[in-house]
Amino acid sequence: MLMTSSMPFLDSDSVETYFDIEPTCIFVKDNYLTEPGLIENAAQSCAAIVAQSYVVKKGSGEITGKVIAYISAIKKVKILDLPKAHERIITKGKLISRFDDTGFSLCTIEASTFRKEELIVACTFNFLIHGIAPH
């Protein structure tokens, strides 16, 4: 299940994603994106910051490599409002800390999710990201 529609910005310590909420999304109930859906959107958005270290983009645009990201802890989550189906949410993530070892990374990332300019979610995650970098 992909909980981002596009990623207009990604660098080594931050990300911005858009998610256009479809009424058929498994996390939509009674026309609203539920709390688990908001958390999953933030987690997928944030994991991309570190996960990009484990993939390679070829000249053809093809991306190779395998990455698995696990939420090891949700340190903080504050949900202020639920967005409706057919709305777009914007999630911004910022890397707080990172420890790399052979084949995996441990990291802490903060996320903020907005509906237009209104903050609707603020959270902090710990992740274990395991990757097999292509050779």
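Everything numeric in this text was worked out from a predicted model, so none of it was measured.
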Student: Evaluate the side-chain proximity of Pro23 to His86: yes if any heavy-atom separation is below 4.5 Å, no if none is.
Tutor: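 His86 reaches Pro23 side chain to side chain.
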Student: Taking C-beta and beyond as the side chain, do Phe127 and Thr108 meet within less than 4.5 Å on heavy atoms?
Tutor: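 No, every pair of side-chain atoms sits at 4.5 Å or beyond.
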Student: Side chains of Ile120 and Leu82: closer than 4.5 Å at any heavy-atom pair?
Tutor: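 With C-beta onward as the side chain, the pair stays apart.
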Student: Taking all non-hydrogen atoms of both residues, which atom of Glu22 and which atom of Ala85 are closest, and how far apart?
Tutor: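 Heavy-atom minimum between the residues: C-CB, 4.4 Å.
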Student: Grab the two heavy atoms, one from Gly93 and one from Cys46, that are nearest each other, plus how far apart they are.
Tutor: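 Reported closest heavy-atom pair: CA-SG, 3.9 Å.
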Student: How far does CD1 of Ile74 sit from CZ of Phe125, to the nearest 0.5 angstrom?
Tutor: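 Ile74 CD1 to Phe125 CZ: 5.5 Å, rounded to 0.5 Å.
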Student: Determine, stepwise, if the pair Ile129 / Ile68 fulfils side chain to side chain contact (heavy atoms under 4.5 Å, CB included).
Tutor: CA-CA 6 Å; Ile129 299 178; Ile68 300 172; over 6 Å; no
Student: Using side chain to side chain contact (heavy atoms under 4.5 Å, CB included), reason through Lys92 and Phe9 one step at a time and then give a plain yes or no.
Tutor: CA-CA 9 Å; Lys92 298 178 181 184; Phe9 183 80; over 6 Å; no
Student: Please examine the side chains of Lys75 and Asn126, heavy atoms only from C-beta on, and report whether any two atoms are closer than 4.5 Å.
Tutor: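 Side-chain contact under 4.5 Å: yes.
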Student: Does some side-chain heavy atom of Lys76 sit less than 4.5 Å from a side-chain heavy atom of Cys123?
Tutor: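 In short, these two side chains do not touch, never coming nearer than 4.5 Å.
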Student: Can you get from Val15 to Leu106 by hopping between Ile, Leu, Val, Met, Phe, Trp and Tyr side chains that sit under 4.5 Å apart?
Tutor: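 No, because Val15 and Leu106 fall into different hydrophobic clusters, even though each may have its own neighbours under 4.5 Å.
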Student: Quick check: do Thr124 and Ile109 have side-chain heavy atoms less than 4.5 Å from each other?
Tutor: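 No, side chains not in contact.
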Student: First locate atom OH of Tyr18, then atom OG of Ser6, and finally report the distance between them rounded to the nearest 0.5 Å.
Tutor: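 It comes to 6.5 Å.
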Student: Run the side chain to side chain contact (heavy atoms under 4.5 Å, CB included) test on Leu80 and Val121 for me, step by step, so that the C-alpha distance in whole Å, both residues' side-chain angles and the decisive distance to 0.1 Å come before the verdict.
Tutor: CA-CA 6 Å; Leu80 304 168; Val121 180; over 6 Å; no
Student: What distance do Ser5 atom OG and Asp20 atom CG have between them, rounded to the nearest 0.5 Å?
Tutor: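 That separation rounds to 4.0 Å.
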Student: So, for Asn41 and Phe19, which heavy atoms are closest and what is the spacing to 0.1 Å?
Tutor: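 Closest heavy-atom pair between Asn41 and Phe19: ND2-CB, 3.5 Å.
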Student: With a 4.5 Å cut-off on side-chain heavy-atom distances among I, L, V, M, F, W and Y, is there a chain of contacts connecting Ile79 to Tyr32?
Tutor: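 Shared cluster, yes.
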Student: Is Val77 reachable from Ile89 through a run of hydrophobic residues whose side-chain heavy atoms are each under 4.5 Å from the next?
Tutor: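 Per the 4.5 Å side-chain linkage, Ile89 and Val77 are co-clustered.
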Student: Could you pull out the closest heavy-atom pair between Val67 and Ala51, with the gap in Å?
Tutor: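 Closest approach of Val67 to Ala51, heavy atoms only: CG1-CB, 3.6 Å.
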Student: Are side-chain heavy atoms of Ile26 and Met1 found at a separation under 4.5 Å?
Tutor: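 A side-chain contact under 4.5 Å exists here.
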Student: Kindly say whether Thr113 contributes a backbone atom to a donor-acceptor pair with the side chain of Thr91 at under 3.5 angstrom?
Tutor: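 No.
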Student: Looking at Arg115 and Glu118, is there a salt bridge between them, counting it only when a charged N and a carboxylate O are closer than 4.0 Å?
Tutor: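 Yes, charged N to carboxylate O under 4.0 Å.
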Student: What verdict does the side chain to side chain contact (heavy atoms under 4.5 Å, CB included) test give for Phe99 and Cys107, after you've listed the backbone C-alpha separation in whole Å, the side-chain angles of each residue and the deciding distance to 0.1 Å?
Tutor: CA-CA 6 Å; Phe99 170 78; Cys107 56; over 6 Å; no
Student: Taking the side chain from Gln52 and the backbone from Ile49, do they hold a donor-acceptor pair closer than 3.5 Å?
Tutor: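 Such a contact is found between Gln52 side chain and Ile49 backbone.
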Student: Ignoring hydrogens and angles, tell me if any N or O in the side chain of Asp13 forms a donor-acceptor pair with the backbone of Leu95 under 3.5 Å.
Tutor: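 No, because the side chain of Asp13 does not come within donor-acceptor range (under 3.5 Å) of the backbone of Leu95.
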Student: For the pair Tyr54 (side chain) and Phe104 (backbone), establish whether a donor and an acceptor sit closer than 3.5 Å, ignoring hydrogens and angles.
Tutor: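 Side chain of Tyr54 to backbone of Phe104, a donor-acceptor pair under 3.5 Å: yes, one is there.
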Student: Would Ser53 and Arg98 count as having a side-chain donor-acceptor pair, cut-off 3.5 Å?
Tutor: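 Short answer, yes.
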Student: So, does His130 use its side chain to make a donor-acceptor pair with the main chain of Gly103 at under 3.5 Å?
Tutor: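 Present.
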Student: For the hydrophobic clusters of this structure (ILVMFWY residues joined by side-chain heavy atoms under 4.5 Å, transitively), does one cluster hold both Val50 and Met7?
Tutor: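 Same cluster.
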Student: Please answer whether the main-chain N or O of Phe27 pairs with a side-chain N or O of Thr34 as donor and acceptor at a distance below 3.5 Å.
Tutor: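 Indeed, once roles are kept as given, a pair shorter than 3.5 Å links the two residues.
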Student: Is it the case that the side chains of Ser45 and Thr17 hold a donor-acceptor pair, with the cut-off being a distance below 3.5 Å and no angle test?
Tutor: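 Yes - a donor-acceptor pair under 3.5 Å links their side chains.
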Student: Distance check, rounded to the nearest 0.5 Å: Gln44 atom CD versus Ile39 atom CD1?
Tutor: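 Spacing of CD (Gln44) from CD1 (Ile39) equals 12.5 Å.
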Student: Between Met3 and Ile21, is there a side-chain heavy-atom distance shorter than 4.5 Å?
Tutor: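 Side chain of Ile21 against side chain of Met3, heavy atoms only: no contact under 4.5 Å found.
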